[in-house]
Amino acid sequence: MRRVVVVGACAAGLAAVETLRREGFDGTLTLVGDEPHAPYDRPPLSKQILSGEWTAERLTLRPHADVEVLDLDLRLGTAATGLDMTDRTVRLADGARVPYDGLIVATGVRPRRLPGGGGAHVLRTVDDALALRERLTPGCRLVVVGAGFLGAEAAAVAWRLGADVTLLEPAPVPLAHAVGAEVGQVLSQAHLDHGVELRTGVTVTEVTDGGVRLSGGELVEADEVLVAVGSSPNTEWLADSGLRLGDGVLCDEYCEAAPGVYAAGDVARWDNPLFGTSMRIEHRTNAAEQGMAAARNLLAPPDARRPFAPVPYFWSDQYDMRIQAYGHLRGHDEVAVVEGDLAARRFVVAYRTGERLSGALAVGMPPKAVRGWRQAVAGGAAWRDAVGAAGIGAA
């Protein structure tokens, strides 16, 4: 193998090229990115960048010198437009065709948008964050559509900047599908306590020049609108490639999508043997870990590859709350408070799926309070063994 192409100049893509060099690959290594920027960190976009605490320069994942030493064929500001697995080439928007012996797809996701005009904001790139930050002046009326973690973080920052924030969510309880109704209510109450207008059970049908329109016809007026209603994997460029696609690039437990083709990061849907299910994860930690795993497996002989079986991790900062979670929380069967108190917004809750511990989430607790639960999840602990102590109650 003398030519490897990594499509996606992001956390996953950067981790992949660094790992390839670290593992001894000394051939031609091409990194393709549709943005003109060097790989940068995205979680601060909805926090430190939006608040103005950081400049955009602080987002860069590696100093220029560290990238230089990787000896990359760097193609920034040029999107991939097609993949020919017969000729083993990647087609780029500038007309170039880049040959490969091995390929890692790390093209991430893009924000979903709503019908209508009005210049609604989304929050995926550094340019998105800077454009919204410029508009968040004291007294600005901001409507955030979608009370998931991204929307909630942006609402908290906007409130801190003095904006008049309305948060709209179609579900009765924000995040209930992921963290459970009781925990979702606790996180929602934080918005209300800080003066954010949270409206649940409402559906936005379009963005207008003066705000957003709800399904019943009501116009919610706004100076600025942020749409945070989820994302879609960037797989359109692979439509005629022959790869299996379905809410991402479909991979096996090794992150392999086809012979010599691997995927990593937000765009990859792979079989996680630790939980016995297919998953696609849009978290920063997973992106880096999966980029490394895909690179190692690409270089390894078939019988030396290792399944990618992580305990997923994510965090979120909202107001004075630090939220941390380990495991696979979606689709859980039971939630139990294992430490602290929900009402005080200082607690650890555990999640059961089937007969095993599948995850844990902490709010307002030190990292060590939840790391032990991560180890239990990684070890496949039985629910009864993990949370069967006296005094633990259902949430």
Side-chain angles (χ1 to χ4, degrees), residues 41-54 58 121 123 128-129 132-133 135-169 171-200 202 220 222-229 282-285 313-326 329 335 337 339-349 360-370 395:
D41 211 9
R42 296 189 192 274
L45 296 179
S46 58
K47 297 182 274 287
Q48 293 91 342
I49 295 297
L50 193 59
S51 68
E53 297 172 33
W54 286 13
R58 286 191 63 176
H121 298 270
L123 199 50
D128 293 336
L132 179 56
R133 172 66 186 89
R135 307 296 297 177
L136 291 181
T137 55
C140 165
R141 297 174 302 170
L142 174 69
V143 165
V144 180
V145 185
F149 283 109
L150 179 64
E153 289 176 354
V157 169
W159 168 83
R160 184 150 52 92
L161 293 173
D164 182 4
V165 183
T166 300
L167 186 55
L168 304 177
E169 167 62 38
V173 179
L175 295 169
H177 66 288
V179 301
E182 294 287 343
V183 176
Q185 288 172 349
V186 170
L187 300 181
S188 299
Q189 187 61 44
H191 298 296
L192 299 173
D193 291 348
H194 287 83
V196 169
E197 182 182 358
L198 172 63
R199 297 179 60 180
T200 60
V202 295
V220 181
D223 301 311
E224 304 295 332
V225 175
L226 170 63
V227 177
V229 293
E282 297 181 20
H283 301 319
R284 167 69 174 80
T285 304
Y313 169 72
F314 73 86
W315 77 95
S316 178
D317 293 322
Q318 300 171 31
Y319 307 107
D320 57 350
M321 297 187 301
R322 164 54 67 98
I323 303 163
Q324 306 169 77
Y326 286 101
L329 310 187
V335 186
V337 180
E339 186 175 347
D341 178 60
L342 291 178
R345 290 203 286 265
R346 184 176 174 81
F347 59 84
V348 179
V349 294
L361 179 145
V363 173
M365 303 292 281
K368 64 180 180 181
V370 71

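Taking CG from L132 and OG from S46, the interatomic distance works out to 10.5 Å, rounded to the nearest 0.5 Å. Atom CD of E197 is separated from atom CG of L167 by 10.0 Å, given to the nearest 0.5 angstrom. Atom CG of L161 sits about 5.0 Å away from atom CZ of R133, to the nearest 0.5 Å. Annotation: the span from H283 atom NE2 to F149 atom CZ amounts to 8.0 Å, rounded to 0.5 Å. Atom CG of D193 and atom CG of L198 lie 11.0 Å apart (nearest 0.5 Å). Atom-to-atom distance recorded for R42:CZ and L123:CG is 10.5 Å, nearest 0.5 angstrom.
Between Q324 and P367 the shortest side-chain heavy-atom distance falls below 4.5 Å. Under the 4.5 Å side-chain criterion, counting only non-hydrogen atoms from C-beta, L45 is not in contact with L150. In this structure the side chain of D128 never reaches within 4.5 angstrom of the side chain of H121, judged on heavy atoms. Here the side chains of L175 and V183 are not in contact, with every heavy-atom distance at 4.5 Å or above. Residues H191 and Y319 form a side-chain contact, since some pair of their non-hydrogen atoms from C-beta on lies under 4.5 Å apart. Looking only at side-chain heavy atoms (C-beta outward), V349 and L342 come within less than 4.5 Å of each other.
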Could you go through D164 and R141, starting from their C-alpha distance and side-chain angles, then the distance that decides it, and tell me whether this counts as salt bridge (charged side-chain N to carboxylate O under 4.0 Å, His left out)?
CA-CA 5 Å; D164 182 4; R141 297 174 302 170; over 6 Å; no
R284/D41 under salt bridge (charged side-chain N to carboxylate O under 4.0 Å, His left out): CA gap, chis, key distance, verdict
CA-CA 8 Å; R284 167 69 174 80; D41 211 9; 2.5 Å; yes
List the steps and the verdict of side-chain contact (heavy atoms from CB on, under 4.5 Å) for Q318 and I323.
CA-CA 8 Å; Q318 300 171 31; I323 303 163; 3.7 Å; yes
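Aromatic ring pairs are classed by plane angle as parallel below 30°, tilted from 30° to 60° and perpendicular above 60°; the pair W159 and H194 is perpendicular.
Contact record, M321 with A190: CE-CB, 3.6 Å, taken as the closest heavy-atom pair. Across G148 and E169, no two heavy atoms sit closer than the pair N-OE1, 4.3 Å. Residues A360 and L329 approach most closely at N-CD2, 3.9 Å, considering heavy atoms. In terms of heavy atoms, V143 sits closest to A222 at CG2-CB, 3.5 Å. In terms of heavy-atom proximity, V179 sits nearest to G184 at CG2-N, 3.8 Å. Scanning all heavy atoms of the two residues, the minimum distance from L50 to A129 falls at CD1-O, 3.8 Å.
More than 12 heavy atoms of other residues, nucleotides or ligands lie within 6.0 Å of CZ in R322, so this atom counts as buried by the packing criterion.
With hydrogens and angles ignored, the 3.5 Å screen pairs no side-chain donor or acceptor of R346 with any backbone N or O of G340. The backbone N or O of P43 sits nowhere less than 3.5 Å from a side-chain atom of E153 that would complete a donor-acceptor pair.
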